[in-house]
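The block underneath contains the structure these notes are about, expressed in structure tokens.
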Amino acid sequence: MSISIYRLTVPMFQRGLASLKTYLDKAETYAREKNVDPAILVAARLAPDMLPLSGQYQRASDSAKFTLARLTGTDAPKFEDNEKTFDELRERLAKTEAYLATFSAQALEGVEDRQITLPGSSGIVLRGDEYVTTFALPNFYFHVATAHAILRNQGAPIGKRDYLG
């Protein structure tokens, strides 16, 4: 029995975005209780050459929306990538969730055979199912896990159960 591209994407992205929302709630509580400026958390990064927390949220959002747009040959909504507060990150997640909700299982039927060119200058082309399993999902979860790691590194009380949902 095969699994549909819909089941591999929309519910998985929704679950990851829910984890990201949980992180924001816990980070906000942590900042308030420990008197930490929330802007410090939003700007925190694991290494100087890595994106900050806000960038991890932006890329997770982009990964979800661009995956569905590429698979369906449609345009994804454009976001400014200028979020600097917990509330702005929540708003971005909400907009991404609303976009994901516009996709039905029927909209993704047959996309496993669609040819998807990877973003960037590589020129690599993958079938839709390969694109989802070898690029889109790993990329999305990289950014979710990195957001988790940044907040843990900053002392926020989030753990594996928050990641798993």
Side-chain angles (χ1 to χ4, degrees), residues 1-28 41-42 50-120 122 124-152 156 158-165:
M1 182 172 176
S2 64
I3 187 167
S4 72
I5 295 297
Y6 176 86
R7 286 186 53 212
L8 282 173
T9 56
V10 175
M12 302 308 289
F13 293 144
Q14 290 168 328
R15 184 180 178 134
L17 295 175
S19 293
L20 289 172
K21 287 193 303 189
T22 297
Y23 298 165
L24 288 177
D25 294 343
K26 289 192 169 194
E28 189 168 48
L41 297 176
V42 173
M50 290 183 78
L51 291 170
L53 182 70
S54 59
Q56 303 305 327
Y57 274 73
Q58 292 159 357
R59 295 316 167 274
S61 164
D62 287 349
S63 294
K65 64 186 180 133
F66 291 143
T67 295
L68 293 171
R70 288 181 185 114
L71 287 169
T72 59
T74 59
D75 292 326
K78 292 180 179 28
F79 302 155
E80 294 296 319
D81 292 346
N82 59 1
E83 296 84 7
K84 292 183 174 61
T85 67
F86 291 143
D87 285 340
E88 289 171 347
L89 291 172
R90 279 189 189 93
E91 182 179 334
R92 185 186 182 108
L93 293 178
K95 290 189 294 188
T96 306
E97 288 173 319
Y99 176 67
L100 295 178
T102 68
F103 289 89
S104 66
Q106 293 77 24
L108 293 167
E109 285 180 5
V111 300
E112 54 275 345
D113 294 322
R114 184 182 191 94
Q115 298 296 297
I116 307 293
T117 302
L118 291 184
S122 70
I124 296 172
V125 177
L126 298 172
R127 285 174 19 123
D129 56 353
E130 295 170 328
Y131 166 69
V132 168
T133 58
T134 65
F135 182 83
L137 287 174
N139 186 54
F140 175 74
Y141 282 112
F142 171 84
H143 293 294
V144 175
T146 303
H148 178 108
I150 289 170
L151 289 171
R152 280 293 290 151
I158 59 174
K160 185 176 180 180
R161 292 293 302 151
D162 299 311
Y163 177 80
L164 293 175

Practice task
Indicate, with yes or no, if the rings of Phe13 and Phe140 have centres closer together than 6.0 Å.
Solution key: yes

Handout entry: Member of Ile5, Thr67, Thr117 meeting the side-chain contact (heavy atoms from CB on, under 4.5 Å) criterion with Tyr131
Key = Thr67

Problem - For Leu24, the option from Thr85, Leu93, Asp87 that meets side-chain contact (heavy atoms from CB on, under 4.5 Å) - result: Leu93

Please indicate whether [X] has more than 12 foreign heavy atoms, meaning atoms of other residues, nucleotides or ligands, lying under 6.0 Å from its [atom1].
| X | atom1 | value |
| --- | --- | --- |
| Glu80 | CD | no |
| Lys84 | NZ | no |
| Asp113 | CG | yes |

Flag side-chain contact, heavy atom, 4.5 Å: [X] against [Y]:
| X | Y | value |
| --- | --- | --- |
| His143 | Ser63 | yes |
| Gln58 | Ser54 | yes |
| Ile150 | Gln56 | yes |
| Arg70 | Pro119 | yes |
| Asp62 | Lys65 | yes |
| Leu151 | Leu53 | yes |
| Arg127 | Arg114 | no |

Straight-line distance of [X] [atom1] to [Y] [atom2], nearest 0.5 Å:
| X | Y | atom1 | atom2 | result |
| --- | --- | --- | --- | --- |
| Glu130 | Ile124 | CD | CD1 | 11.5 Å |
| Asp162 | His148 | CG | NE2 | 7.0 Å |
| Lys21 | Leu89 | NZ | CG | 13.0 Å |
| Phe79 | Glu91 | CZ | CD | 9.0 Å |
| Tyr163 | Leu20 | OH | CG | 9.5 Å |

Looking at every heavy atom in both [X] and [Y], which two are closest together, and how far apart are they?
| X | Y | result |
| --- | --- | --- |
| Tyr23 | Val144 | CE1-O, 3.8 Å |
| Thr72 | Ala107 | CG2-O, 3.8 Å |
| Val111 | Leu71 | CG1-O, 3.2 Å |
| Ser19 | Gly165 | OG-N, 4.2 Å |
| Phe86 | Ala27 | CZ-CB, 3.9 Å |
| Asp81 | Arg92 | OD1-NH1, 2.8 Å |

Handout entry: Donor-acceptor contact below 3.5 Å, side chain Arg152 vs main chain Gly159
Key = no

Problem - N/O donor-acceptor pair under 3.5 Å between Thr22 side chain and Ala18 backbone - result: yes

Exercise for the section: Identify, with sequence neighbours excluded, every residue that meets side chain to side chain donor-acceptor pair (under 3.5 Å) alongside Gln106. Expected result: Ser104

Exercise for the section: Could you tell me which residues satisfy side chain to side chain contact (heavy atoms under 4.5 Å, CB included) with Asp25, sequence neighbours excluded, listed by chain and number? Expected result: Arg90

Exercise for the section: Please step through side-chain contact (heavy atoms from CB on, under 4.5 Å) for the pair Val42 and Tyr57, ending with a clear verdict. Expected result: CA-CA 10 Å; Val42 173; Tyr57 274 73; over 6 Å; no

Practice task
May I ask you to decide if the ring planes of Phe103 and Tyr99 are parallel, tilted or perpendicular, using 30° and 60° as cut-offs?
Solution key: perpendicular

Exercise for the section: Apply side-chain contact (heavy atoms from CB on, under 4.5 Å) to the pair Glu28 and Leu41, showing each step before the final yes or no. Expected result: CA-CA 9 Å; Glu28 189 168 48; Leu41 297 176; over 6 Å; no

Exercise for the section: Could you go through the side-chain contact (heavy atoms from CB on, under 4.5 Å) check for Leu68 and Leu108 one step at a time? Expected result: CA-CA 8 Å; Leu68 293 171; Leu108 293 167; 3.9 Å; yes

